[in-house]
Asker: 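Got a structure for you, written out below as structure tokens; questions coming shortly.
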Amino acid sequence: MVALLVFVAGFGIGAGPLVWTLCSEIQPIEGRDFGVACSTLANWGMDWGVSNTFLSIVAVAGAGWTFAGFSALNVLFLLFTLLLVPETRNVPLEVIEQHLEAGRPLREIGR
């Protein structure tokens with residue numbers, strides 16, 4: 001039960017809302033519709049993959065190890081986010097777009 005709560009909490013404060021926020025911020029306005037559509041497809045594809053393999057993994061590894069594995073993936077996602085996802089707080093979308101068009105590395109678009 002604890003592993004389930006850790007997984008749900010980790011997703012709720014990490015990967016869940018981050019996908020939608022990040023995709024809408026780092027895409028240029030001209031291609032944002034296509035970029036968000038691709039991001040949505042990838043997100044739903046991963047959701048489909050998890051939901052279709054979950055019971056098989058539980059049958060092989062057991063519930064505890066399954067949730068431990070998904071919790072470990074959340075930790076990896078948190079590290080990925082902290083190390084590679086740019087901070088764009090208080091930066092207008094127009095400035096982010098200018099930084100992208102100027103060729104700045106993604107990690108620096110919020111500076």
Side-chain angles (χ1 to χ4, degrees):
M1 183 58 108
V2 171
L4 173 63
L5 293 174
V6 169
F7 174 75
V8 171
F11 187 79
I13 64 172
L18 181 67
V19 170
W20 306 110
T21 304
L22 182 64
C23 293
S24 65
E25 285 186 352
I26 67 166
Q27 313 257 355
I29 291 175
E30 288 181 17
R32 187 169 293 156
D33 52 352
F34 179 73
V36 171
C38 290
S39 301
T40 301
L41 179 65
N43 188 21
W44 286 0
M46 292 298 110
D47 291 344
W48 178 84
V50 168
S51 64
N52 279 301
T53 60
F54 177 76
L55 292 177
S56 300
I57 296 171
V58 169
V60 171
W65 286 109
T66 301
F67 284 112
F70 284 123
S71 296
L73 290 174
N74 273 322
V75 169
L76 290 175
F77 183 79
L78 180 63
L79 291 173
F80 172 84
T81 302
L82 291 173
L83 296 174
L84 299 174
V85 174
E87 176 59 66
T88 57
R89 184 182 320 149
N90 299 325
V91 180
L93 292 175
E94 294 79 16
V95 172
I96 293 172
E97 185 171 4
Q98 289 171 356
H99 291 172
L100 286 169
E101 289 176 352
R104 287 180 99 171
L106 270 181
R107 186 69 180 137
E108 298 176 6
I109 63 171
R111 295 184 188 152

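All values below come from the heavy atoms of this structure, side chains included, with hydrogens, waters and symmetry mates left out. In this chain, numbering begins with 1 at the start of the sequence shown.
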Asker: Name each donor-acceptor pair under 3.5 Å that joins a side chain in residues 41-51 to protein atoms two or more places apart or in another chain, with its distance.
Answerer:
unit_1	atom_1	unit_2	atom_2	d
S51	OG	D47	O	3.2
S51	OG	W48	O	3.0

Asker: Using the side-chain hydrogen bond (donor to acceptor under 3.5 Å, both in side chains) criterion, which residues pair with R32? Sequence neighbours excluded.
Answerer: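 So R32 forms no side-chain hydrogen bond (donor to acceptor under 3.5 Å, both in side chains) with any residue.
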
Asker: Connecting only ILVMFWY residues whose side-chain heavy atoms lie within less than 4.5 Å of each other, what is the rest of F34's hydrophobic cluster?
Answerer: none

Asker: Looking at OG1 of T66 and CG of L4, how far apart are the two atoms once the value is rounded to the nearest 0.5 Å?
Answerer: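 One gets 11.5 Å once the value is rounded to the nearest 0.5 Å.
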
Asker: Other residues, nucleotides and ligands only: do more than 12 of their heavy atoms fall within 6.0 Å of CD on E108?
Answerer: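 Atom CD in E108 is packed in, count exceeds 12.
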
Asker: A side-chain contact here means heavy atoms from C-beta on lying under 4.5 Å apart; do L82 and L78 qualify?
Answerer: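 Touching, per the 4.5 Å side-chain cut-off.
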
Asker: Looking at N52 and S56, what are the two nearest heavy atoms and their distance?
Answerer: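 Closest pair (atom of N52, atom of S56, distance): O-OG, 4.4 Å.
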
Asker: If you round to the nearest 0.5 Å, how far is OG1 of T81 from CG of L76?
Answerer: 10.5 Å

Asker: For V6, which residues count as a side chain to side chain contact (heavy atoms under 4.5 Å, CB included) partner, sequence neighbours excluded?
Answerer: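 Side chain to side chain contact (heavy atoms under 4.5 Å, CB included) check on V6 returns V2, S71.
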
Asker: Sequence neighbours left out, what pairs pass ring-ring contact (aromatic ring centres under 6.0 Å, His included) with at least one residue falling in residues 57-95?
Answerer: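 For residues 57-95, and leaving out neighbouring residues, the ring-ring contact (aromatic ring centres under 6.0 Å, His included) pairs sorted by first residue read F7-F70, F54-F67.
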
Asker: Quick one: side chains of residues 83-98, donor-acceptor pairs under 3.5 Å with protein atoms, not counting sequence neighbours, listed by atom name and distance.
Answerer:
unit_1	atom_1	unit_2	atom_2	d
E87	OE2	R89	N	2.9
T88	OG1	E25	OE1	2.3
E97	OE2	I29	N	3.4

